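Side chains included, hydrogens not; waters and symmetry mates left out as well; all remaining heavy atoms used. If you're wondering where the values come from, they're calculated on a predicted model, not measured in any experiment.
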Amino acid sequence: MNLEDCSLSGSALTEPFLRDGLATVAPVRVIRAGDWEDLRESLRTGGAQRVHLHVTTRLASALGYSRPTRQHQVTTREGQEDGGWLLRAPNGATLRAWSIPTEADLDAPERSVRAYRASPTRIAQRVLLSRAEPAGLLTNGDVIRLLLCDPARSDSHLSIAIGTWSTTDQPPDSFRILQTLAGAANLPRLPTILEAARLHQARVTTELRRQAREAIVGFINALPDRTACDPATLWREGLILVYRLLFILKLECPAEATDGFSFAATRLWRDALSPNRALG
């Protein structure tokens, strides 16, 4: 799965699960060529009504739902808030959606608690929580955000930048993931999918812990004078050293270029200090 146009927030989903685990627990649906053509040609940005007609309504059809129905305001812990639109499917599945103007920020446009609580994402999450609904859609025409709501966990979401959708002849992986998670056929299985994601992450964590332990033991066993040192001290110092190396190696090769060490681009680091150069 190509996740270049996707970003994740929260712990409900991880990139390794979407790439390797999702297809094992839920069938990745294939949209008909004509339906994809209708969707990608209809995408528009603008005001809330324009986004609703050209993005939300067409997306609802592509995901297997009927035309959205406007909902009344919903009472949340913050009072009366926008209930969005309800998408209904022949199998009884329902998905709530919100359409906002393109210029509106999905998150807090300013860094303040008040702005954050009043952001479209927080409002939608509170409505979903109040209505005990596990998922919802929020879009401003540039980004489609799948909101995941679980009272027992922190809020999570999957954001998809859809700017390239209109120029793509075949459905991109990001749409296939959205269809698999929020499509009418699979939405009733979403709790099972999220549980599989949690177990997948637990297995990955256990494997990483095992690999780190093996690295520490291997390093300590390679020391020539290890028998002269206190075992507890050896373990502690080996643990610190190996995790420092992991930290440096990770930030030398980040997923995003802006997330790495700023000094990793300097000549001194590249030519003399880089662990990756030493390994090479």
Side-chain angles (χ1 to χ4, degrees), residues 1-45 51 54-68 87-91 93-99 106 133-149 156-201 204 255-256:
M1 289 290 186
N2 184 342
L3 303 180
E4 289 183 355
D5 50 358
C6 299
S7 61
L8 294 166
S9 175
S11 60
L13 295 170
T14 62
E15 288 190 12
F17 174 74
L18 293 180
R19 286 197 180 96
D20 307 321
L22 180 59
T24 66
V25 296
V28 178
R29 302 284 173 175
V30 178
I31 186 175
R32 293 186 306 175
D35 292 338
W36 172 250
E37 189 75 11
D38 291 342
L39 173 61
R40 76 182 188 88
E41 290 184 353
S42 74
L43 298 176
R44 301 287 189 279
T45 56
V51 170
H54 292 280
V55 181
T56 306
T57 300
R58 294 301 182 93
L59 183 63
S61 177
L63 293 177
Y65 298 95
S66 61
R67 192 173 185 85
L87 285 55
R88 290 185 172 87
N91 65 355
T94 59
L95 183 67
R96 198 175 294 265
W98 288 263
S99 306
L106 272 63
E133 297 172 8
L137 291 177
L138 171 66
T139 182
N140 63 359
D142 282 333
V143 175
I144 294 173
R145 179 168 289 178
L146 174 62
L147 305 169
L148 302 172
C149 183
S156 300
H157 60 250
L158 165 66
S159 297
I160 303 173
I162 62 173
T164 61
W165 280 17
S166 59
T167 60
T168 305
D169 292 335
Q170 298 297 323
D173 287 342
S174 56
F175 175 80
R176 296 169 62 210
I177 289 173
L178 180 64
Q179 189 179 34
T180 301
L181 294 172
N186 273 352
L187 187 64
R189 302 179 57 189
L190 184 59
T192 302
I193 295 173
L194 296 181
E195 179 62 14
R198 186 188 67 80
L199 294 175
H200 183 273
Q201 179 60 24
V204 170
E256 298 291 340

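Applying the side-chain hydrogen bond (donor to acceptor under 3.5 Å, both in side chains) test to Ser159 and every residue at least two apart in sequence or in another chain returns Arg145. For the salt bridge (Lys or Arg N to Asp or Glu O under 4.0 Å) test, no residue two or more places apart in sequence or in another chain qualifies with Asp5.
When all heavy atoms are compared, the tightest approach of Arg40 to Asp169 is NH2-OD1, 3.3 Å. Closest approach of Leu63 to Gln179, counting heavy atoms only: CD2-CA, 3.6 Å. Here the shortest heavy-atom pairing between Leu95 and Ala182 reads CD2-O, 3.9 Å. Between Leu3 and Arg19, the closest heavy-atom pair is CD1-CG, 3.8 Å.
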Side chain to side chain contact (heavy atoms under 4.5 Å, CB included) for Leu43 and Leu59? Distances and angles first, verdict last. CA-CA 9 Å; Leu43 298 176; Leu59 183 63; over 6 Å; no
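Using a 4.5 Å cut-off on side-chain heavy atoms (C-beta onward), Pro68 and Thr57 make contact. Side-chain contact between Leu158 and Ile160 is present, with heavy atoms from C-beta onward closer than 4.5 Å. Residues Leu148 and Leu13 meet the side-chain proximity criterion, which asks for heavy atoms closer than 4.5 Å. Contact check for Glu41 versus Ser166: no side-chain heavy atoms found under the 4.5 Å cut-off. Side-chain contact between Val55 and Arg44: absent, with no pair of heavy atoms (C-beta onward) separated by less than 4.5 Å. Considering only heavy atoms from C-beta on, Leu18 stays 4.5 Å or farther from Met1 through its side chain.
Between the Ser66 side chain and the Ala89 main chain, no donor and acceptor come within less than 3.5 Å of each other. In this structure, the side chain of Ser61 does not engage the main chain of Arg58 through any donor-acceptor pair within 3.5 Å. At distances below 3.5 Å, not a single donor-acceptor pair connects side-chain atoms of Ser174 with backbone N or O atoms of Cys6.
Applying the salt bridge (charged side-chain N to carboxylate O under 4.0 Å, His left out) rule to pairs touching residues 175-185 yields Asp173-Arg176, sequence neighbours excluded. Pairs engaging residues 175-199 under the ring pair (Phe, Tyr, Trp, His ring centres under 6.0 Å) rule: Trp36-Phe175, Trp165-Phe175 [sequence neighbours left out].
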Side-chain donor-acceptor distances from residues 184-194 under 3.5 Å, at least two apart:
{"residue": "Asn186", "atom": "ND2", "partner": "Pro27", "partner atom": "O", "Å": "3.3"}
{"residue": "Asn186", "atom": "ND2", "partner": "Thr180", "partner atom": "O", "Å": "3.0"}
{"residue": "Arg189", "atom": "NH2", "partner": "Val25", "partner atom": "O", "Å": "2.6"}

Distance-only donor-acceptor hits, side chain of residues 134-142, under 3.5 Å, sequence neighbours excluded:
{"residue": "Thr139", "atom": "OG1", "partner": "Gly141", "partner atom": "N", "Å": "3.0"}
{"residue": "Thr139", "atom": "OG1", "partner": "Val143", "partner atom": "O", "Å": "2.9"}
{"residue": "Asn140", "atom": "OD1", "partner": "Asp142", "partner atom": "N", "Å": "3.0"}
{"residue": "Asn140", "atom": "OD1", "partner": "Val143", "partner atom": "N", "Å": "2.9"}
{"residue": "Asn140", "atom": "ND2", "partner": "Ala104", "partner atom": "O", "Å": "3.4"}

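Applying the 6.0 Å contact sphere to CD of Glu195 captures more than 12 heavy atoms from other residues, nucleotides or ligands.
In this structure, His157 NE2 and Leu147 CG are separated by 7.5 Å, a value rounded to the nearest 0.5 Å. Here the straight-line distance linking atom CD1 of Ile177 with atom CG of Leu146 works out to 11.0 Å at 0.5 Å rounding.
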